[in-house]
Amino acid sequence: MLGEILQWAWPADATLSRWLRAHRELGSRDRAEVAEAVFDVLRNLRRYRQFGESGVGPASRRLAVLGLAATLGRGELEPGLAPAEADWLDHVANIDPASLPRAVRESLPDWLDERLGALEDSDALIEALNQQAPLDIRVNPMKADRDEVLAAMQDGPESRYLPQASAYSPWGIRLQGRPAINRWPLFESGGIEVQDEGSQLLALLVAPRRGEMVIDFCAGAGGKTLLLGALMRSTGRLYAFDVSAARLTRAKPRFARSGLSNVVPVVIDGENDARVKRLAGKAQRVLVDAPCSGIGTLRRNPDLKWRQHPDALAELCTLQSRILSSAARCVAPGGRLVYATCSLLPEENEAQAEIFLASHPEFERVDAAALLAARCDGLVLAGPYVQLRPDVHGTDGFFAAVFERRKTPARAAEEEAEAVVKAAAASAEDDGAEAVGDEAGEDTGHVQVPEAGRSAEDQG
Ligand SMILES: C[S@@+](CC[C@H](N)C(=O)[O-])C[C@H]1O[C@@H](n2cnc3c(N)ncnc32)[C@H](O)[C@@H]1O
């Protein structure tokens with residue numbers, strides 16, 4: 001199986017799942033151990049290959065032995081080792097990792113070591129990307145309250161996964177270990193979903209409101225759509241576009257479980273599909289969670305560092321820029337466009353944002369970092385873009401830029417007039433409320449006005 005994964009024809013988790021399905025004789029502990037060892041090899045492949053050069057036996061067995069020794073411990077392996085293998089492992093254990101060049105020690109292809117090495121505090125970042133990620137879950141605000149779910153977990157059998165409130169997301173719970181949460185009743189009833197905290201935070205930037213028209217342009221299997229729909233309290237209309245019918249098909253049971261009825265999944269032919277064009281200027285919020293290298297998710301998908309290539313990256317950047325331009329056409333005057341990736345590479349991130357701004361004078365940049373920091377206590381970001389990092393924020397690497405379409409002068413004047421009328425009406429209501437005083441109590445329309453008009457953003 002390791003040999004098959006190392007041909008890079010499929011994502012490693014897909015090959016591993018297929019293999020595990022074909023080996024039903026394995027118990028759950030064996031399965032977990034195989035998976036841990038495989039992922040350890042993917043994380044440390046370059047270093048293990050170098051160590052393997054002094055070893056004996058088939059190359060993939062050498063890699064497997066190193067992976068199993070690192071995850072199970074040398075003692076567990078001892079009975080299965082040939083004497084020459086045991087000597088080789090002793091030799092390898094004496095190599096000082098600090099004596100290896102970073103690209104070997106942290107197992108990166110040269111091109112990626114160079115790209116990540118150019119970022120700030122690159123050693124810390126690269127080291128963090130090579131660690132296992134915790135499991136983040138998100139409570140569905142339509143169905144459950146995060147603090148109640150957390151308290152129940154801390155008092156229940158889930159307490160062994162050490163559940164903690166996420167550092168920043170109001171809906172997140174972080175677990176340690178690998179619980180099979182897809183069998184938990186709260187998951188089956190749509191009360192919780194698996195979602196990295198960084199991904200949860202992107203919804204705070206989109207900040208959809210009740211009743212709006214919102215487009216999730218690259219919805220995939222619906223991870224972000226689910227939270228956007230919940231923040232809209234299942235009102236308005238939320239288009240979930242994607243070119244992949246298979247991914248949208250995987251999203252549908254998730255939408256059903258979560259209790260959303262405002263999502264319209266649409267398989268599009270490409271970013272210029274006629275159905276996209278029909279929505280020109282109509283949406284108040286558009287999220288582009290662009291196809292990207294995924295380099296920010298190496299903790300969860302270590303095979304990406306071996307499956308990505310600089311040539312493919314250049315093609316991705318062209319696609320990202322095309323998608324962003326098409327999605328931008330759907331944004332209504334005064335509406336918001338959020339461009340996001342799970343990458344750490346500037347060419348997919350700030351470079352794309354700058355190119356977009358330079359070629360779309362009808363949009364202005366909003367300080368995404370300030371927007372997010374204002375919603376999350378203790379979140380430190382250097383604007384104007386959001387760049388989340390595993391070494392700094394404990395999340396996967398995510399980038400986000402926020403743009404707003406300038407209002408036309410006519411629309412700006414209309415809004416100003418509407419605001420004056422609203423303010424006058426509110427002040428008249430204030431006077432009335434004072435006049436009815438205690439008699440009216442909490443049931444006055446006056447109290448309900450801000451509640452009904454409250455943005456979905458405030459519901460978190
Ligand atoms: C980063 S993934 C989206 C993940 C998803 N938003 C989530 O949270 O689970 C990028 C998605 O973009 C889709 N995609 C690729 N090309 C596209 C295009 N031209 N128009 C729309 N979506 C596209 C891919 O199929 C993929 O599902």
Side-chain angles (χ1 to χ4, degrees), residues 11 13-14 136-138 140 169 171-172 193-206 208 214-231 238-255 257-258 260 263-279 283 285-298 300-301 304 307-308 312-313 315-331 337-345 348-349 352 388 395-401:
D13 55 354
D136 287 346
I137 60 175
R138 177 181 59 72
N140 175 356
S169 164
W171 314 283
E193 272 285 339
V194 175
Q195 190 173 36
D196 182 81
E197 187 184 8
S199 195
Q200 299 177 31
L201 295 178
L202 294 182
L204 288 172
L205 291 175
V206 182
V214 177
I215 301 177
D216 186 357
F217 206 93
C218 302
K224 299 190 183 58
T225 324
L226 288 167
L227 182 50
L228 297 180
L231 294 180
L238 173 54
Y239 286 102
F241 287 165
D242 205 283
V243 289
S244 164
R247 290 203 177 107
L248 279 180
T249 301
R250 284 207 300 281
K252 283 180 191 165
R254 301 176 82 188
F255 296 151
R257 247 190 345 253
S258 71
L260 292 179
V263 182
V264 184
V266 183
V267 181
I268 53 173
D269 291 339
E271 61 281 358
N272 288 318
D273 188 296
R275 281 160 295 188
V276 174
K277 289 187 174 151
R278 277 205 287 275
L279 292 177
R285 319 261 156 175
V286 177
L287 169 64
V288 175
D289 185 22
C292 71
S293 64
I295 293 303
T297 68
L298 286 183
R300 298 174 206 282
N301 307 301
L304 280 178
R307 299 178 65 229
Q308 284 296 352
L313 193 61
E315 270 174 47
L316 264 177
C317 289
T318 312
L319 176 63
Q320 288 159 354
S321 149
R322 282 205 321 260
I323 294 177
L324 185 53
S325 286
S326 289
R329 279 189 222 119
C330 301
V331 180
L337 173 65
V338 178
Y339 172 76
T341 71
C342 51
S343 176
L344 292 153
L345 305 179
E348 298 184 88
N349 295 343
Q352 290 288 9
L388 297 170
T395 62
D396 280 348
F398 276 101
F399 170 86

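One-based numbering, in listed order, for ligands and for the atoms of each. These numbers were taken from a predicted model, which means no experiment stands behind them.
The protein heavy-atom contact nearest to atom 21 (C) of ligand 1 is Phe217 O, 3.5 Å. When only non-hydrogen protein atoms are considered, atom 8 (O) of ligand 1 lies nearest to Lys224 NZ, 2.9 Å. Residue, atom and distance of the protein heavy atom nearest to atom 27 (O) of ligand 1 are Asp242 OD2, 2.8 Å. Distance from atom 2 (S) of ligand 1 to its nearest protein heavy atom, with residue and atom name: Asp289 O, 4.0 Å. In terms of protein heavy-atom proximity, atom 16 (N) of ligand 1 is closest to Val243 CG2, 3.6 Å. When only non-hydrogen protein atoms are considered, atom 22 (N) of ligand 1 lies nearest to Cys218 SG, 3.6 Å. Closest to atom 24 (C) of ligand 1 among all protein heavy atoms lies Arg247 NH1, 3.2 Å.
Remark: the backbone N or O of Asp136 is not paired with any side-chain donor or acceptor of Gln195 at under 3.5 angstrom. Judged by distance alone, the side chain of Asp242 and the main-chain N or O of Gly220 form a donor-acceptor pair under 3.5 Å.
Heavy-atom minimum distance, Arg254 versus Ala221: NH1-O, 2.7 Å. Between Ser258 and Leu226, the shortest heavy-atom contact is OG-CD2, 3.5 Å.
Interface atoms of ligand 1 facing Ser244, defined by a heavy-atom separation under 4.0 Å, are 25 (O). Here is the list of ligand 1 atoms found below 4.0 Å of a heavy atom in Ile268: 20 (N), 21 (C). Applying the 4.0 Å criterion to heavy atoms of Gly220 picks out, from ligand 1, the atoms 27 (O).
Between the CG atom of Asp289 and the CG atom of Leu228 there is a distance of 9.5 Å, given to the nearest 0.5 Å. Between atom CG of residue Leu316 and atom OG of residue Ser293 there is a gap of 7.0 Å, rounded to the nearest 0.5 Å. Taking OH from Tyr239 and SG from Cys330, the interatomic distance works out to 10.0 Å, rounded to the nearest 0.5 Å. If you take CG on Leu248 and CZ on Phe241, they are separated by 10.5 Å, rounding to the nearest 0.5 Å.
Contacts between Thr341 and ligand 1 below 4.0 angstrom, taking non-hydrogen atoms only, are absent altogether. Contacts between Ile323 and ligand 1 below 4.0 angstrom, taking non-hydrogen atoms only, involve the side chain exclusively.
Considering Arg138, Arg257, Lys224 in turn, Arg257 is the only one that fulfils the salt bridge (charged side-chain N to carboxylate O under 4.0 Å, His left out) rule with Glu193.
Judged by distance alone, the side chains of Asn272 and Ser326 do bring a donor and an acceptor atom under 3.5 Å apart.
When the heavy atoms of Gly223, Ser199, Ala219 are ranked by distance to atom 5 (C) of ligand 1, first place goes to Ala219.
Residue contact annotation: Phe241 has no non-hydrogen atom under 4.0 Å from ligand 1. At least one heavy atom of Ala290 sits closer than 4.0 Å to an atom of ligand 1.
Some N or O of Glu271 is nearer than 3.5 Å to an N or O of ligand 1, by distance alone.
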